[in-house]
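Just below is one structure, and these are the notes that go with it.
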Amino acid sequence: MNDLFTWAALGTVAGASAATLLTANVIGGLLGPDSDKARKWIALGVALLLSYATAAFATDAGGEKWLIAFFNGLVIFSAALGVNQLPSGNRQPTRATPGQLAQGREPRFVRSWV
C-alpha cells in the first residue's frame, strides 16, 4: 500500500495531477469516445476538489488559503492537462471517421482530450 497513492502524495502537485488525469480518463472512458468535453470538466472539478481539500487541512494558513487553493487547482489542472498541448499546433488529431483510426494509430487509453 505504501507504493500507491497516499494522503501525502495527493497533497503534492505531481500526485494531485496524476489523480486528476486518472480520474478524468477513467470516467471519460466509461462515458464513451465522445466524452472529451466532459473529461475537461471532470479534470477541472477533481483538480479544484483536491486543492480545496488540501487547503481545508492547512491549519496554519489564514483566509487567503481559499484564493490560493483556487490557483493551485488551476496549476493541478494544467499539469494534468499537459500545458505543452495547449497551443493547437502541438497536438496530434485524435478524431477519425467512425470505424477508422486517426492516422493509422492504435486507440489508446490515455489520449489528448484538449
Side-chain angles (χ1 to χ4, degrees):
M1 280 302 286
N2 291 336
D3 293 335
L4 300 174
F5 279 109
T6 62
W7 289 114
L10 284 176
T12 66
V13 173
S17 298
T20 299
L21 177 69
L22 288 172
T23 303
N25 276 320
V26 168
I27 294 173
L30 293 173
L31 293 175
D34 294 328
S35 64
D36 286 349
K37 188 177 284 192
R39 288 180 196 223
K40 293 176 187 178
W41 288 105
I42 292 166
L44 180 60
V46 170
L48 289 172
L49 178 74
L50 289 173
S51 180
Y52 281 116
T54 302
F57 288 111
T59 58
D60 58 346
E64 72 277 358
K65 70 181 178 182
W66 303 112
L67 179 63
I68 293 170
F70 173 76
F71 289 110
N72 284 339
L74 296 180
V75 169
I76 293 167
F77 173 73
S78 296
L81 192 70
V83 175
N84 61 332
Q85 292 189 14
L86 287 181
S88 60
N90 291 349
R91 298 191 299 262
Q92 292 289 337
T94 57
R95 295 252 186 244
T97 58
Q100 179 185 27
L101 296 176
Q103 297 181 355
R105 296 184 352 214
E106 293 294 321
R108 299 181 302 172
F109 177 70
V110 178
R111 63 186 178 92
S112 175
W113 35 272
V114 179

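All figures in this text were calculated on a predicted structure; none of them were measured in a lab. Along the sequence shown, the residues carry numbers beginning at 1. Note that these values count all heavy atoms, side chains included, but never hydrogens, waters or copies made by symmetry.
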task = Kindly give the cluster partners of V46, where membership spreads through any ILVMFWY side chain lying under 4.5 Å from a current member.
result =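 In the cluster with V46 are I27, L31, I42, L50.
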query = Is a side-chain donor or acceptor of S35 paired with a backbone partner of A38 at a separation under 3.5 angstrom?
reply =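 Between the backbone of A38 and the side chain of S35 there is no qualifying donor-acceptor contact (under 3.5 Å).
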query = Is the backbone N or O of A14 less than 3.5 Å from a side-chain atom of S17, with the two atoms forming a donor-acceptor pair by type?
reply = no
From [atom1] ([X]) to [atom2] ([Y]), nearest 0.5 Å:
| X | Y | atom1 | atom2 | result |
| --- | --- | --- | --- | --- |
| S78 | L44 | OG | CG | 9.5 Å |
| R39 | T20 | CZ | OG1 | 14.5 Å |
| K65 | T59 | NZ | OG1 | 7.5 Å |

Without placing hydrogens or testing angles, list every side-chain donor-acceptor pair under 3.5 Å for residues 67-77, not counting sequence neighbours.
none

